[in-house]
Amino acid sequence: VEVEQAILERRSIRTFTDRAVEKDLLEKMCTAAVWAPTGGNSQPWYFVPVTVPKTLKLIKAVSPGLLGLPPALIVILSNKSYNVEKMGALGETLAEMDCCFAAQNILLQAHALGLGACVIRSFNGRAVREIVGAPEGVVPELIVICGHPAHTPPAPPRRTEVIQWESFTGDGHET
Ligand SMILES: Cc1cc2nc3c(=O)[nH]c(=O)nc-3n(C[C@H](O)[C@H](O)[C@H](O)COP(=O)(O)O)c2cc1C
């Protein structure tokens, strides 16, 4: 799939068939994640693919933004104190940004593999951290749910007026 096509076709997919997500596909998604850019190449992140139904159910139970039960998900976690040590005061913010870049790589790779995926932010971070067994200080930033798509929704419209050539002119939504 061409990059432009992948970017335009990708949708947030929230309903999946019962088919398990093959391990090699999850591996490809994690590889896409670790090749995302990071500030100073500090790579202050971890990726935890989850496919065990019991763990998926536990995570769903503490994630109001996760509708339905996906066959797989990847928890993206940051290590902020490590990144502050490496990158200074900006380290916390950079670590969050890095995780977002990784999430987008995962979404695009999932799409290119014929999978559906959706990024989830609405979850109890402390509970998810404990469920996946991460220590305090390693913080779940985003979850990417994925599976073989059951339904692809139409593209939600984009506000193209936010592209403002050469200087900011505003669109009335800035205050
Ligand atoms: C930072 C972030 C957090 C999101 N959190 C959730 C979430 O908790 N639950 C959910 O169903 N979708 C979530 N989404 C998916 C958005 O709703 C979706 O990307 C948006 O509606 C645009 O649709 P599209 O991805 O199909 O273009 C999130 C997306 C982003 C970027």
Side-chain angles (χ1 to χ4, degrees), residues 1-18 21 25-26 28-30 32-39 44-51 53 55-80 83 90-132 134 138-163 171 173:
V1 185
E2 291 295 325
V3 172
E4 182 183 3
Q5 192 190 345
I7 289 169
L8 296 179
E9 279 180 359
R10 179 212 58 81
R11 292 277 67 77
S12 287
I13 308 287
R14 301 178 178 86
T15 50
F16 308 101
T17 68
D18 290 338
V21 181
L25 301 189
L26 285 167
K28 283 186 178 170
M29 291 160 72
C30 290
V34 300
W35 280 97
T38 59
W45 52 26
Y46 298 94
F47 303 95
V48 180
V50 174
T51 58
T55 317
L56 291 167
K57 282 181 197 143
L58 285 173
I59 291 175
K60 179 182 164 50
V62 297
S63 305
L66 203 174
L67 313 167
L69 187 65
L73 57 80
I74 300 173
V75 183
I76 305 174
L77 307 101
S78 72
N79 188 334
K80 288 179 176 153
N83 216 38
L90 260 183
E92 279 205 18
T93 307
L94 289 174
E96 289 172 7
M97 292 176 169
D98 297 339
C99 289
C100 296
F101 281 97
Q104 178 69 347
N105 269 17
I106 293 172
L107 295 177
L108 289 175
Q109 181 65 84
H111 178 66
L113 293 168
L115 295 171
C118 180
V119 63
I120 306 288
R121 174 68 206 207
S122 170
F123 54 78
N124 180 322
R126 189 196 169 110
V128 171
R129 176 177 64 73
E130 287 174 358
I131 291 164
V132 299
V138 174
V139 179
E141 300 289 352
L142 291 168
I143 294 172
V144 179
I145 58 169
C146 63
H148 292 275
H151 169 69
T152 301
R158 276 358 190 213
R159 297 172 53 216
T160 50
E161 68 276 18
V162 296
I163 303 167
D171 66 352
H173 283 103

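Atoms within a ligand are numbered from 1 in the order they appear, just like the ligands themselves.
Sorted by chain then number, the residues whose non-hydrogen atoms approach ligand 1 to under 4.0 Å are R10, R11, S12, R14, G65, C118, V119, I120, R121, S122, P156, R158.
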Could you list the donor-acceptor pairs under 3.5 angstrom formed by side chains in residues 103-113, with sequence neighbours left out?
{"residue": "N105", "atom": "ND2", "partner": "A32", "partner atom": "O", "Å": "2.8"}
{"residue": "H111", "atom": "NE2", "partner": "E9", "partner atom": "OE1", "Å": "2.9"}

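Taken from CG in L26 to CG in L115, the straight-line distance is 7.5 Å, to the nearest 0.5 Å.
Between the side chain of D98 and the main chain of G39, a donor-acceptor pair closer than 3.5 Å is present. Formation of a donor-acceptor pair under 3.5 Å by the R121 side chain with backbone atoms of L142 is not found in this model. No side-chain donor-acceptor contact under 3.5 Å links K80 to the backbone of V138.
Side chains of I13 and I145 form no contact here, defined as non-hydrogen atoms less than 4.5 Å apart.
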